[in-house]
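One structure is given below, encoded as structure tokens.
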Amino acid sequence: MTKGNSTKITDELYTYMLDHNPPLDRVQRGLVAKTYATFPDVAGMQSAEEQGPLLAFLVRLTGARHIVEVGTFTGFSALSMAQALPADGRLITCDVSEEWTAHARDAWAEAGVADRIELRIAPALETLGAMPSEPHIDMAYVDADKENQVAYWEELVPRLRPGGLIVTDNTLFHGSVLDESATGSAAGVRAFNDHVTADDRMDSVLLAISDGLTLSRKR
């Protein structure tokens, strides 16, 4: 195997990258800061800063009007996607925490996109299973508990329209995907990656963006 790119992402190079991407707006920047200040021990669950503009780009690229998100946390990713939706677009986002998502609701309202977002507080498998079974989802973003990733995938793929996109975060999981004896979340990600690779309903690529990002398009 020949490794084609040996660029190491230093702090300086990461800053350079952010400086050459679309900047976060005032509400996005405030939400990121508030998340780290309010929930310092779990703030790493927030999607990386560069993923906000990327998700918005993918919404526009696919022409998505109906988005489903699994895992809301404090709402940064949902905010980024909702801002890229047309005025009549809708995003359903799933979480189980009223505490975390209270901050999300505040940010969505401040950004003027609350009317595009429906937050469903319940186990995501219940929310997904209750959705119409026919293909109707244009784009999905999955960033939740890793043990259930395969189950989320199996609920989403049949409901995804042909050409629709699933974006899955943390698919390198801090490098622990290399550990064949991994347990817990790391084992869940390993199982998910193998499952996606073998799924002939989808075309998928795993990219070394942040903690690993897999883009999957329905055939």
Side-chain angles (χ1 to χ4, degrees), residues 1-62 64 67 69-85 100 103-104 107 111 113 139-146 149 165-180 182 184-190 192-194 196-197 203-217:
M1 180 192 70
T2 301
K3 184 179 176 183
N5 188 344
S6 59
T7 302
K8 296 186 183 300
I9 305 299
T10 62
D11 290 347
E12 293 79 11
L13 193 56
Y14 183 72
T15 299
Y16 179 89
M17 177 190 69
L18 294 181
D19 287 345
H20 290 79
N21 274 338
L24 301 189
D25 64 25
R26 179 185 58 81
V27 179
Q28 290 174 319
R29 180 66 62 197
L31 180 57
V32 170
K34 187 176 183 181
T35 299
Y36 276 89
T38 308
F39 305 110
D41 294 338
V42 293
M45 293 196 302
Q46 183 171 250
S47 296
E49 181 173 329
E50 65 270 24
Q51 287 175 265
L54 175 60
L55 289 169
F57 180 88
L58 292 173
V59 171
R60 297 186 181 102
L61 182 68
T62 59
I67 300 172
E69 177 180 60
V70 181
T72 312
F73 192 38
T74 58
F76 172 68
S77 51
L79 172 61
S80 300
M81 291 186 287
Q83 289 175 312
L85 278 170
W100 294 340
H103 299 277
V113 295
M139 179 173 161
Y141 180 53
V142 181
D143 185 13
D145 56 303
K146 309 311 175 189
Q149 277 188 321
L165 183 68
I166 298 177
V167 182
T168 309
D169 200 14
N170 303 116
T171 48
L172 293 178
F173 207 69
H174 320 296
S176 61
V177 290
L178 298 177
D179 183 2
E180 295 181 359
S185 295
V189 175
R190 280 176 56 88
F192 174 79
N193 290 341
D194 290 343
V196 169
T197 300
D203 295 312
S204 299
V205 291
L206 197 167
L207 304 173
I209 296 172
S210 187
D211 189 32
L213 200 69
T214 295
L215 306 184
S216 306
R217 181 183 181 273

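What you are looking at is a predicted structure, and each value in this text was computed from that prediction instead of being measured.
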Study note, to complete from the structure: Value for CZ (R190) from CG (D179), rounded to nearest 0.5 Å, stands at 7.0 Å

**Study point:** Which residues share a side chain to side chain donor-acceptor pair (under 3.5 Å) with D25, sequence neighbours left out
**Key:** Q83

Check your understanding: CD1/I209 to CG/L215 distance, rounded to the nearest 0.5 angstrom?
Key -> 6.5 Å

Study note, to complete from the structure: Tightest non-hydrogen contact, residues A182 and S176, listed as CB-O, 4.2 Å

Check your understanding: Are any side-chain N or O atoms of Q46 and backbone N or O atoms of A43, one a donor and one an acceptor, separated by less than 3.5 Å?
Key -> no

Practice item. Show the numbers, then the answer: is there a side chain to side chain contact (heavy atoms under 4.5 Å, CB included) between W100 and M45? Key: CA-CA 11 Å; W100 294 340; M45 293 196 302; 3.3 Å; yes

Review point. Who are the side chain to side chain donor-acceptor pair (under 3.5 Å) partners of S204, not counting sequence neighbours?
Key: S216

Point to revise | Side chain proximity check, L207 to T214, heavy atoms < 4.5 angstrom | key: no

Exercise for review: Please collect all salt bridge (charged side-chain N to carboxylate O under 4.0 Å, His left out) contacts where either partner lies in residues 27-54, sequence neighbours excluded, each pair once.
Suggested key: R29-E49

Review point. Should we say atom OH of Y14 is surrounded by more than 12 heavy atoms from elsewhere, each under 6.0 Å from it?
Key: yes

Exercise for review: Sequence neighbours left out, what passes side chain to side chain donor-acceptor pair (under 3.5 Å) with D203? Give chain and number order.
Suggested key: R219

Review point. Which atom pair, heavy atoms only, marks the closest approach of D169 to Q51?
Key: OD1-NE2, 3.1 Å

Study note, to complete from the structure: N193 meets the side chain to side chain donor-acceptor pair (under 3.5 Å) criterion, sequence neighbours left out, with none

Exercise for review: Please check if the side chain of D211 supplies one atom and the backbone of L172 the other of a donor-acceptor pair under 3.5 Å.
Suggested key: no

**Study point:** Gap between atom CG of L85 and atom CZ of R60 - 0.5 Å precision
**Key:** 9.5 Å

**Study point:** Atom pair OG1 (T62) and CG (L165), whose distance is rounded to the nearest 0.5 Å
**Key:** 6.5 Å

**Study point:** Chi angles and distances behind the side chain to side chain contact (heavy atoms under 4.5 Å, CB included) call for D143, V70
**Key:** CA-CA 6 Å; D143 185 13; V70 181; over 6 Å; no

Study note, to complete from the structure: CG of L55 to CG of L61, rounded to nearest 0.5 Å, is 12.5 Å

Revision key, fill the gap. To the nearest 0.5 Å, atom OH of Y141 lies from atom CD1 of I166 at 13.5 Å

Point to revise | Trace of the side chain to side chain contact (heavy atoms under 4.5 Å, CB included) decision for V167 with L54 | key: CA-CA 11 Å; V167 182; L54 175 60; over 6 Å; no

Practice item. Using the side chain to side chain contact (heavy atoms under 4.5 Å, CB included) rule, pick out the option among V189, D194, T171, N170 that qualifies with V177. Key: V189

Check your understanding: What's the shortest heavy-atom distance between A107 and V27, and which atoms?
Key -> O-CG1, 3.5 Å

Considering only distance and modelled atom types, tabulate donor-acceptor pairs under 3.5 Å from the side chains of residues 71-80, sequence neighbours left out.
unit_1, atom_1, unit_2, atom_2, d
T72, OG1, T93, OG1, 2.6
T72, OG1, C94, O, 3.2
T74, OG1, T35, OG1, 2.7
S77, OG, E69, OE2, 2.4
S80, OG, Q28, NE2, 3.2
S80, OG, F76, O, 3.0

Practice item. Mind listing the closest non-hydrogen atom pair of L24 and P53 along with its distance? Key: CD2-CD, 4.1 Å

